[in-house]
2 protein chains.
Amino acid sequence: MEDGTFSSPGYCADTGPGAFDVKNWDAREDCEVRQILDRIADKWSLLVIALLDERSMRFTELRREIDGISQRMLARTLRHLERDGLVKRTVHPVVPPRVDYELTPLGASLHSTIKALVSWTEEHQSQIAAARTAYDAAASAGTAAADAGADSGSVRAG
Amino acid sequence: MEDGTFSSPGYCADTGPGAFDVKNWDAREDCEVRQILDRIADKWSLLVIALLDERSMRFTELRREIDGISQRMLARTLRHLERDGLVKRTVHPVVPPRVDYELTPLGASLHSTIKALVSWTEEHQSQIAAARTAYDAAASAGTAAADAGADSGSVRAG
DNA sequence: CTGGATCCCCTTGGATACTG
DNA sequence: CAGTATCCAAGGGGATCCAG
């Protein structure tokens, strides 16, 4: 079905705890889609997934690769990812603690899907940039233009 | 290329302002992918896009449909979407102001891509839920188990 | 009706320090 | 090395009031 792959615009299939349409979006606790979206969209998750998709890495390795991340956020991100079954955490009981992180099949699967979105962005980033420039320009010059054109089409509606 | 559709795990193609790999992720201003991801991931954007994909709507209509949203956030979300060229805003110069919002082809295109991600989530939400349950259970009982198993494999690494 | 401006709370996320 | 706990700043986001 190319018209609508899923049930409702609210993006919560009735297979979940609460079948709903848009109104129920407010009860986001019940919405898996929202959860996943929030997860992959948060500041660092996507990057961690991308990194681990290439090879398994240790905590410090990830931290060094990402560099801008704080240990707090890396730990938190990894824990979230682990909890969702996207990342597997392996603790090696050695004297200097060693922990390896790797993508689970589920995580790899998600990454594949995300790639489509990333590809889209790369293909359309120029259009978006152009739109932003246009919007920005209109915001400066558009005020006077809108004012001038206003009276030409004013009609009553009440 | 089924191995890697895009240049780097940092998800910023060298077609952008700053060709980079992961290190440069910190300079997120240059990263279009990050921008789009943040946009579609914020609390309301996706819902607005989904709604507008069905038909164009007025401000109040959107507000009534979403219901949980504040006018502040709806206005802000729409402005962002408009700036990115994903939504088209049409002002009708009538006495009670009337503004219609509709998805641009670019916005519709993005929505199509997002659907793949949504579908993935719907297909795997049970796995994720199971993983969470397992993680949660392990978090409670796993403490003692990890402690017991620790001495069985302890080795020196220094 | 369509927003912009303001106030205020709460979460996200960075920096730092401490533990195992 | 691999985290956890605490403190703190910035921003997200709701409520309300006001303007066009």
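Not measured: the values here are computed from a predicted model. Just the heavy atoms: all of them, side chains too, but no hydrogens, waters or symmetry mates, feed the values below.
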Side chains of B/Asp42 and B/Ser45: donor-acceptor distance under 3.5 Å anywhere?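 Per modelled atom types, B/Asp42 and B/Ser45 side chains form a pair under 3.5 Å.
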
Taking only residues two or more places apart in sequence, or in another chain, which ones meet B/Thr121 in a side chain to side chain donor-acceptor pair (under 3.5 Å)?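 Counting only residues at least two positions away or on another chain, B/Thr121 forms no side chain to side chain donor-acceptor pair (under 3.5 Å).
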
Name all residues meeting the side chain to side chain donor-acceptor pair (under 3.5 Å) criterion together with A/Thr113; count only those two or more places apart in sequence or in a different chain, and write none if there are none.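 Side chain to side chain donor-acceptor pair (under 3.5 Å) check on A/Thr113 returns nothing, list empty.
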
Atom CZ of A/Arg39 and atom P of C/dT12: how far apart are they, to the nearest Å?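 From A/Arg39 CZ to C/dT12 P: 10 Å.
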
Between C1' on C/dG20 and CZ on A/Arg98, what's the gap in Å once rounded to a whole number?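 Going from A/Arg98 (CZ) to C/dG20 (C1'), I get 18 Å.
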
Enumerate the residues from residues 73-92 of chain A whose closest heavy atom to DNA chain C is under 4.0 Å, giving them by residue number; use none for an empty result. A/Met73

Compare side-chain N and O positions of B/Tyr101 against OP1 and OP2 of C/dC1 and report whether any pair is under 4.0 Å apart. no

Would you mind listing every ring pair (Phe, Tyr, Trp, His ring centres under 6.0 Å) that reaches into residues 49-107 of chain B, with sequence neighbours excluded?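 Non-adjacent pairs meeting ring pair (Phe, Tyr, Trp, His ring centres under 6.0 Å): zero.
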
Taking N or O atoms only and anything under 3.5 Å, show me the protein contacts with nucleotides 15-20 of chain D, one pair per line.
from	atom 1	to	atom 2	distance (Å)
D/dT16	O4	B/Gln71	NE2	3.4

Non-neighbouring partners of A/Glu123 that pass salt bridge (charged side-chain N to carboxylate O under 4.0 Å, His left out), sequence neighbours left out: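 So A/Glu123 forms no salt bridge (charged side-chain N to carboxylate O under 4.0 Å, His left out) with any residue.
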
Under the salt bridge (charged side-chain N to carboxylate O under 4.0 Å, His left out) test, residues paired with B/Glu82 that sit two or more places apart: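 Only B/Arg79 meet the salt bridge (charged side-chain N to carboxylate O under 4.0 Å, His left out) criterion with B/Glu82.
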
Sequence neighbours excluded, which residues qualify as ring pair (Phe, Tyr, Trp, His ring centres under 6.0 Å) partners of B/His124? B/Trp120

Kindly point out which of C/dG14, D/dC1, C/dG3 is positioned nearest to the side chain of A/Arg58?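 Shortest atom-to-atom distance from the side chain points to D/dC1.
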
Give every donor-acceptor pair under 3.5 Å between a side-chain atom in residues 68-75 of chain B and any protein atom, sequence neighbours left out.
from	atom 1	to	atom 2	distance (Å)
B/Ser70	OG	B/Met73	N	3.3

